[in-house]
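Right, I'll just put the structure down here and ask away after.
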Amino acid sequence: MTMLGDNRLAFLVVGLLISLAILVLVGITVFIVQRQAWRRFAISRLHDSDFRKKHPLLQLADLQRLIDNIKLDSTVKNHSDLAVLKVAWLPYLRLAFAKILAEQHVETIYPLAHYDIAIRDVSDEQLLTANTLSALLDLTNPMLARLEPHIRAYEKAFNQYAAEQKLTPTQRQQVLSFFSIHVDYHEQLNPQQLEQTFPIIFTYLFKKDQLATLAATNETIPRWLANYLQDHLN
């Protein structure tokens, strides 16, 4: 009886595992089917002339880039125009706003490249309601009115440091790339913090061992940089 009971238990366990595996496969299959259906819907909307007329700024975008954003999305969204705009258009706009302004020969108050910085602070909801470039400028110009002094101060500090240290093009690119990803332009800095920003970034990227004993809460560097170092040096 004991062997019979053990066999029954083994068969039960195996049966449960098989059932679980089937459920997982069914779930994956359903997800894949739904995701493909969402992608087909989204791409068809991007090609639809009425949809593009309703959202005229789409005509300024690279259609293939919008389609790529849809294909790269790994989730399943509602079959709605709003979802299409959030997945395809907004990421493109946030990366290419300055490029669009340049291509359309739009006169701006501030340097074109700074508009890619300002648009980071504009909410998705605000961007989705802006159907003209002038509306987008109305959203980003007030941002730059506050951020421009900080942006220019960082640019001056970087150019001075790069010239003094004779950074190579590769070093310049790596320092700027790190800075662009992690900077918080809203933080108010004193002159010492500004002066130390790029030397510390350079040391972290190319001479990390020299930062091993750095106190990441050091008040002589920006808070955003101190927080990053604290997380990655410990």
Side-chain angles (χ1 to χ4, degrees), residues 27-144 147-148 151 155 169-185 205:
I28 293 173
T29 301
V30 170
F31 172 79
I32 292 174
V33 170
Q34 291 179 338
R35 187 178 62 187
Q36 291 300 327
W38 144 249
R39 287 177 177 174
R40 286 194 299 270
F41 165 80
I43 292 173
S44 69
R45 295 303 290 152
L46 290 177
H47 282 101
D48 185 89
S49 58
D50 290 335
F51 178 74
R52 296 176 70 82
K53 287 178 182 178
K54 185 178 179 181
H55 305 284
L57 288 178
L58 293 180
Q59 299 176 42
L60 305 180
D62 181 338
L63 179 59
Q64 187 56 52
R65 289 274 301 279
L66 299 180
I67 292 174
D68 288 344
N69 285 343
I70 295 296
K71 292 180 177 179
L72 290 172
D73 184 59
S74 61
T75 61
V76 176
K77 299 290 192 298
N78 294 327
H79 288 207
S80 68
D81 289 353
L82 182 62
V84 174
L85 292 172
K86 284 185 175 181
V87 174
W89 168 241
L90 291 188
Y92 178 90
L93 176 61
R94 290 189 183 279
L95 290 175
F97 183 38
K99 176 175 176 287
I100 292 173
L101 293 174
E103 290 175 345
Q104 298 303 308
H105 306 289
V106 176
E107 293 187 10
T108 59
I109 300 174
Y110 305 102
L112 278 173
H114 295 182
Y115 284 85
D116 281 343
I117 297 171
I119 204 168
R120 300 174 191 172
D121 288 343
V122 182
S123 69
D124 287 353
E125 290 71 20
Q126 289 175 306
L127 293 180
L128 288 170
T129 60
N131 271 336
T132 64
L133 289 178
S134 61
L136 289 173
L137 289 177
D138 287 342
L139 292 171
T140 50
N141 278 330
M143 302 287 184
L144 281 177
L147 297 179
E148 191 67 13
I151 296 172
E155 288 179 341
T170 298
Q171 290 172 333
R172 289 176 62 98
Q173 181 58 40
Q174 291 188 43
V175 170
L176 281 177
S177 177
F178 177 94
F179 171 78
S180 299
I181 292 172
H182 301 290
V183 64
D184 177 6
Y185 283 109
L205 292 176

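Predicted model, so just to flag it, every value in this text is computed and none were measured.
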Query raised in the report: Would you call the rings of F97 and Y115 parallel, tilted or perpendicular, where under 30° means parallel and over 60° means perpendicular?
Result: perpendicular
**Report entry** Residue pair I43, K71: steps toward the side chain to side chain contact (heavy atoms under 4.5 Å, CB included) verdict
**Finding:** CA-CA 9 Å; I43 292 173; K71 292 180 177 179; 4.2 Å; yes
Query raised in the report: Side chains of H47 and L63: does their closest heavy-atom pair fall under 4.5 Å?
Result: yes
Query raised in the report: Quick one: do the Q173 and T170 side chains pair a donor with an acceptor below 3.5 Å?
Result: no
**Report entry** CZ-CD distance between R39 and Q34, expressed to the nearest 0.5 angstrom
**Finding:** 13.0 Å
**Report entry** Approximate separation, where rounding is to 0.5 Å, of L137 CG and M143 CE
**Finding:** 13.0 Å
Query raised in the report: Measuring from L60:CG to Q104:CD, what's the distance to the nearest 0.5 Å?
Result: 4.5 Å
Query raised in the report: Is the shortest distance from a Lys or Arg side-chain nitrogen in R94 or D124 to a carboxylate oxygen in the other one below 4.0 Å?
Result: yes
Report task. Quick one: pull up CZ in R45 and NZ in K54 and give me the separation to the nearest 0.5 Å. Result -> 7.5 Å
Requested in this report: Flag the pair L58 / L66 as yes when at least one side-chain heavy-atom distance between them is below 4.5 Å, and no otherwise.
Outcome: yes
Query raised in the report: Quick one: do the T75 and D73 side chains pair a donor with an acceptor below 3.5 Å?
Result: yes
Query raised in the report: Roughly how far, to the nearest 0.5 Å, is NZ of K99 from CG of D116?
Result: 11.0 Å
**Report entry** Check: H114 and L147 side chains under 4.5 Å, non-hydrogen atoms
**Finding:** no
